[in-house]
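Everything on this sheet refers to the single structure shown next.
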Amino acid sequence: MLDWTVAGPSFLTAAVEWVEAFTIVLAVSLSIGWRAASGAALTALTVLAAMTAIASGVLGLGLEIRWLQLTVGVFLLLFGVRWLAKAIARGAGLKALHDEAQEFADARAQLARGDWLASWLIAFKGVLLEGLEVWLVVVALGLHGRAWVSSAAGALAALLVVVAAGAMIRAPLARVPENAIKFAVGAMITAFGSFWTLEAIGGAAAWPWGDWSLLGLAACYALGGLALVALLRQPATVGAA
Amino acid sequence: MSAFLKTLFGDAGTIAVVAIVMAAEVLLVASDQAASAAFAVPSLVLAGAAWLAKR
């Protein structure tokens with residue numbers, strides 16, 4: 001039975017990253033063909049699958065849960081704060097919204113200067129680096145109640161959806177509301193990170209409402225983030241969208 | 001390799017924000033103020049996110 005509280009965030013996080021990876025693979029495929037570009041992507045996905053299997057094996061060795069929570073919590077904070085800050089900056093117009101079409105054009109321009117191997121490596125590295133963020137979230141969320149299957153299933157489902165959508169339109173997936181997803185996931189991931197690090201250091205009593213504090217934290221980061229968007233909004237940056 | 005490390009850990013600013021949050025957690029718990037930490041941590045995180053967004 002899937003744990004949807006884990007599979008949901010995993011799906012959303014992975015969807016954003018897979019869209020970025022797909023954009024790079026699509027650009028590379030126009031240079032070296034679909035077969036070679038897909039081969040590079042599959043090689044990277046195999047590396048990520050091996051990393052996930054190793055991580056779940058290591059984390060399941062019976063290490064003290066407190067240390068696991070602390071380690072994973074720190075990574076979640078590093079990851080979540082970054083996403084939250086980026087979403088706030090984009091929402092406030094301090095930074096341009098992510099543009100898949102622009103990324104596609106940049107990748108093509110870069111490819112025009114390179115050879116076959118360089119193109120293959122661009123696709124491999126693109127999928128590996130974007131997938132690395134998915135891997136972090138899959139491992140971190142999988143730790144929550146040892147829900148490895150739900151966590152991996154969410155990321156895998158996102159991969160299938162993105163590949164299917166991308167294969168149908170064969171163009172950069174520019175209509176995904178990336179910033180909204182990044183904002184929501186950033187708030188959730190940061191909530192998990194804050195909760196686990198403080199619980200690992202201060203014990204279960206550190207959070208006044210126990211596990212319910214997680215919901216409070218997620219709401220606090222989401223509402224706080226929205227308030228920061230309003231506070232930091234630049235009046236003359238409408239063109240960023 | 002640097003892209004790999006940056007993906008894993010973020011930039012220096014992100015690491016600094018998380019280090020400050022962690023230091024605050026340790027200090028508050030060590031000084032028997034764990035209950036305050038539950039309110040201080042979210043405030044610190046949001047302040048850090050605001051600083052990172054403004055850079």
Side-chain angles (χ1 to χ4, degrees), chain A residues 17 70 73-92 94-95 125-126 128-133 135-136 186-187 190-191 193-195 197-209 213 216-221 223-225 227-229 231-232 234, chain B:
Chain A
E17 299 303 331
L70 184 63
V74 169
F75 274 107
L76 284 182
L77 270 181
L78 285 167
F79 188 62
V81 167
R82 204 183 334 162
W83 270 37
L84 199 57
K86 216 178 270 184
I88 291 168
R90 285 177 178 157
L94 298 169
K95 192 175 177 197
K125 205 174 86 172
L128 189 67
L129 290 181
E130 301 297 345
L132 192 62
E133 297 195 29
W135 174 77
L136 274 175
T190 310
S194 315
F195 184 84
T197 50
L198 185 58
E199 191 177 74
I201 292 169
W207 291 105
W209 303 291
S213 301
L217 279 170
C220 168
Y221 291 135
L223 294 175
L228 285 173
V229 167
L231 200 69
L232 301 175
Q234 300 286 296
Chain B
M1 193 62 189
S2 67
F4 183 85
L5 291 175
K6 199 174 170 187
T7 304
L8 212 54
F9 298 104
D11 61 6
T14 311
I15 295 171
V17 166
V18 173
I20 289 169
V21 171
M22 296 300 301
E25 287 184 6
V26 171
L27 283 173
L28 286 167
V29 169
S31 58
D32 225 14
Q33 298 289 322
S36 322
F39 297 96
V41 167
S43 312
L44 272 174
V45 168
L46 281 172
W51 176 70
L52 288 172
K54 276 192 78 173
R55 280 188 316 155

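Numbered from 1 within each chain, the chains take letters A, B, ... in sequence-line order.
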(message) Just so I understand: if I count every heavy-atom pair under 4.5 Å between each of A:Val229, A:Leu198, A:Ile201 and chain B, which residue has the most?
(response) A:Leu198
(message) Heavy-atom pairs under 4.5 Å with chain B: which of A:Leu231, A:Leu129, A:Leu84, A:Leu70 has the most?
(response) A:Leu129
(request) Check each atom of B:Val41 against the heavy atoms of chain A and say whether the ones under 4.5 Å are side chain, backbone, both or neither. (result) both
(message) Please classify the contact between B:Leu28 and chain A as side chain, backbone, both or neither, with a heavy-atom cut-off of under 4.5 Å.
(response) neither
(request) Could you note down all residue pairs passing ring pair (Phe, Tyr, Trp, His ring centres under 6.0 Å) where residues 8-36 of chain B supplies at least one of them, sequence neighbours left out? (result) A:Phe75-B:Phe9
(message) Atom CH2 of residue position B:Trp51 - does it have more than 12 heavy atoms of other residues, nucleotides or ligands inside 6.0 Å?
(response) yes
(request) Under 4.5 Å, counting heavy-atom pairs only, tell me which of B:Pro42, B:Ala30, B:Ala34 racks up the most with chain A. (result) B:Pro42
(message) Within the structure provided, determine whether B:Leu46 and A:Cys220 are in side-chain contact (heavy-atom separation under 4.5 Å).
(response) yes
(request) For residues B:Met22 and A:Val74, determine if any side-chain heavy atom of one lies less than 4.5 Å from a side-chain heavy atom of the other. (result) yes
Please give me the minimum heavy-atom distance between [X] and [Y], naming the atom from each residue.
X        : Y       : value
A:Ala206 : B:Ala38 : O-CB, 3.7 Å
B:Ala53  : A:Leu94 : O-CD1, 3.6 Å
A:Leu232 : B:Ala50 : CD1-O, 4.2 Å

(request) Please list all pairs passing the salt bridge (charged side-chain N to carboxylate O under 4.0 Å, His left out) test where one or both residues lie in residues 42-55 of chain B, with sequence neighbours left out. (result) B:Asp11-B:Arg55
(request) Against chain B, label A:Thr190 side chain, backbone, both or neither, depending on which of its atoms sit under 4.5 Å from a heavy atom there. (result) side chain
